[in-house]
Amino acid sequence: MPLSPLRLGVNVDHVATLRNARGETFPDPVRAALLAIEAGADGITAHLREDRRHIRDDDMVRLKQEISTPLNFEMAATEQMLDIALRIRPHAACLVPERRTERTTEGGLDVLGGHDHLRVFVSELARGGVRVSLFIEPSSEAVEAARSIGAPVVEFHTGAWCHAALAGETQRAAAEFARIGAAVLRASGLGLECHAGHGLDFETAEAIAALPQIAELNIGHFLVSEAVFIGLGPAIKKMRAAMNAGRARAK
Ligand SMILES: CC(=O)[C@@H](O)[C@H](O)COP(=O)(O)O
Ligand SMILES: NCC(=O)COP(=O)(O)O
């Protein structure tokens with residue numbers, strides 16, 4: 001059976017982090033998105049956080065206007081973000097948890113406790129023609145809750161696995177990767193499209209690409225970090241090659 005293609009979503013949040021560090025207009029995340037697409041990105045992801053620490057409202061408007069690929073709008077499940085998303089009408093929206101004091105997205109959505117609250121957002125966004133994904137922990141409970149909420153897509157938070165791999169904690173990394181594999185199997189068995197992201201680098205992207213049920217990887221911080229040294233285009237091309245190598249091993 002032919003393998004599903006594996007899409008690369010490039011997250012441009014941290015180009016905006018660098019821009020905001022000095023309150024300038026550069027580097028522009030929209031320019032980064034256009035370069036990323038030229039280098040082979042299948043889509044662009046941007047997280048409009050409530051505190052606007054990196055991506056700002058105008059960035060999201062310009063991304064929608066200027067890019068030729070799908071835009072994946074990451075957002076907290078709040079009324080304000082829902083209004084903005086329905087005004088901008090991205091191709092997709094990914095509901096993510098946000099805690100004001102967090103340095104980065106620390107975990108997946110509380111799809112069990114927040115079930116009824118999230119259900120409203122999923123149906124409102126779907127009614128607006130926006131494909132909705134839920135950013136969840138790699139667990140069967142979260143998958144089943146996401147399915148009952150009605151989202152067609154789940155994105156698995158790969159942070160715990162990536163951090164363990166980076167720290168050389170091989171046993172913990174193997175256990176976390178097994179969690180991801182089991183959750184992906186459960187999700188695809190329920191007919192959900194599977195995405196993954198957070199903390200991925202060349203090695204972990206190649207490893208997770210070998211899971212045939214994964215349709216999309218969203219990668220940002222590492223690519224922007226690599227871009228500092230080798231350029232954004234070469235970093236994306238290298239990531240694409242790593243993903244292709246992993247997908248070639250998928251069975
Ligand atoms: C949801 C996710 O994992 C990424 O979009 C992440 O949120 C990047 O932005 P931060 O680094 O601000 O968390
Ligand atoms: N949803 C994950 C994402 O968009 C990028 O996360 P990261 O690669 O910046 O950690």
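Whatever order the structure lists ligands and atoms in, that order sets their numbers, starting from 1. These numbers come from a predicted model, not from an experiment.
- Contacts between N11 and ligand 2 below 4.0 angstrom, taking non-hydrogen atoms only, involve the side chain exclusively.
- Ligand 2 has no atom lying under 4.0 Å from any heavy atom of H195.
- Only the side chain of H54 comes within 4.0 Å of ligand 1, counting heavy atoms alone; its backbone N, CA, C and O stay farther away.
- With a 4.0 Å cut-off on non-hydrogen atoms, H47 does not touch ligand 2 at all.
- Interface of H14 with ligand 1, defined as ligand atoms under 4.0 Å from a residue heavy atom, comprises 9 (O), 10 (P), 11 (O).
- Contact annotation for R49 and ligand 1: only side-chain heavy atoms (C-beta onward) come within less than 4.0 Å of the ligand.
- Only the side chain of F135 comes within 4.0 Å of ligand 2, counting heavy atoms alone; its backbone N, CA, C and O stay farther away.
- Looking only at protein heavy atoms, the nearest one to atom 6 (O) of ligand 2 is H198 CA, 3.6 Å.
- Between atom 6 (C) of ligand 1 and the options T105, I219, T158, T17, the minimum heavy-atom separation is to T105.
- For E206, the side chain to side chain donor-acceptor pair (under 3.5 Å) criterion is met by R249, not counting sequence neighbours.
- Taking every heavy atom of E74 and a limit of under 4.0 angstrom, the matching atoms of ligand 1 come to 1 (C), 2 (C), 4 (C), 5 (O).
- The side chain of N11, and not its backbone, has at least one atom closer than 4.0 Å to an atom of ligand 1 (non-hydrogen atoms only; side chain from C-beta on).
- The option with the heavy atom closest to atom 13 (O) of ligand 1, from among N218, T104, D13, is T104.
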